[in-house]
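A short write-up of the structure that comes next.
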Amino acid sequence: MAFIIDGKKISNEIKDELKEKVAEYKQAGKEITLAVIQVGHDPASTVYVGNKKKACEYIGIHSLAYELEETVTQQELLDLIQSLNKRDDVNGILVQLPLPKHIDEDLVIQTISPEKDVDGFHPQSVGALSIGQEGFVSCTPAGIIQLLKRSNIEIAGKECVVIGRSNIVGKPISLLLLRENGTVTICHSRTKDLKEVTRRADILVVAIGKPKFITKEYVKEGAVVIDVGIHRNENNKLCGDVDFEDVEPVVSAITPVPGGVGPMTIAMLMYNCVNAVK
Ligand code: GUN
């Protein structure tokens, strides 16, 4: 029986720790404010943004909601970000992605001041991570490290294999595992003999974007498996990139979907907001 890494429980612990810290800040006269910008009415984005606002409320962070129409011009969005960059009472700025096609996402991300980049997407934040300097770390990868640490899973010296090389998950989690002294291999769509590589992993992080792709043939007995995927199957049930029922009996620890990596993203966003306060 594998140890089930309970992301819901760990994320609640983190949120409670942050709530205490925010209360201390309040006593010292410091308020924390996160500006959340949503463009258009994508239903998934509306759910994510709603959850972020709820987490802010729980922790005691003030949230400013900007709901812009799908037709907003790129310049109008950039102007809003620049005005928020200048405001001393705004600590963090988050632009929910994806954005409509007529808006250049990279340009939007680059316009957010790195001091307020609580998503950790700005090239300066990513650059800082890659050379071991201080900066915001993107939330899902930071959450994965917390899941491992708070489950007492050693990273140093371990064979860590990451499947996926996205800017939001694959690349930053690889850098974080390296920072924790893991031996890191990154796999992607052009990797030859994926199974041969993933079977070497002591810690396997799966961010491949294909439902139930990873079966027991891909994992070494006793490995730790972190599933970043989230999909709805034909019965409208949530599932990950890992075939949980197939893999769970052969591994030592595994994250479920839902209730694994998912809840950690918002907890780490809150962590970044609290740490945005100097
Ligand atoms: N869209 C999906 N995930 C995220 C996220 O973590 N941050 C932002 N800004 N947009 C997203």
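Residue numbers count from 1 along this sequence. Values reported hereafter were calculated over all heavy atoms of this structure, with side chains retained and with hydrogens, waters and symmetry mates removed. One-based numbering, in listed order, for ligands and for the atoms of each.
Atom 3 (N) of ligand 1 has as its closest protein heavy atom Q96 NE2, 4.4 Å. The nearest heavy-atom contact from the protein to atom 10 (N) of ligand 1 is L97 N, 3.0 Å.
With salt bridges taken as basic N to acidic carboxylate O contacts below 4.0 Å, one links K149 and E180. Using a cutoff of 4.0 Å between basic side-chain nitrogens and carboxylate oxygens, R87 and D89 are scored as salt-bridged.
In this structure a side-chain-to-backbone donor-acceptor pair under 3.5 Å is present from K116 to N85. T73 contributes a side-chain N or O that, together with a main-chain N or O of E76, makes up a donor-acceptor pair within less than 3.5 Å. K158 places no side-chain N or O within donor-acceptor distance of the main-chain N or O of I153, the cut-off being under 3.5 Å.
Counting heavy atoms closer than 4.0 Å to ligand 1, residue K52 contributes side-chain atoms (C-beta onward) but none from N, CA, C or O. Of all the heavy atoms of D119, the ones lying under 4.0 Å from any atom of ligand 1 belong exclusively to the side chain.
Checking only distances, V95 does come within under 3.5 Å of ligand 1, N or O to N or O.
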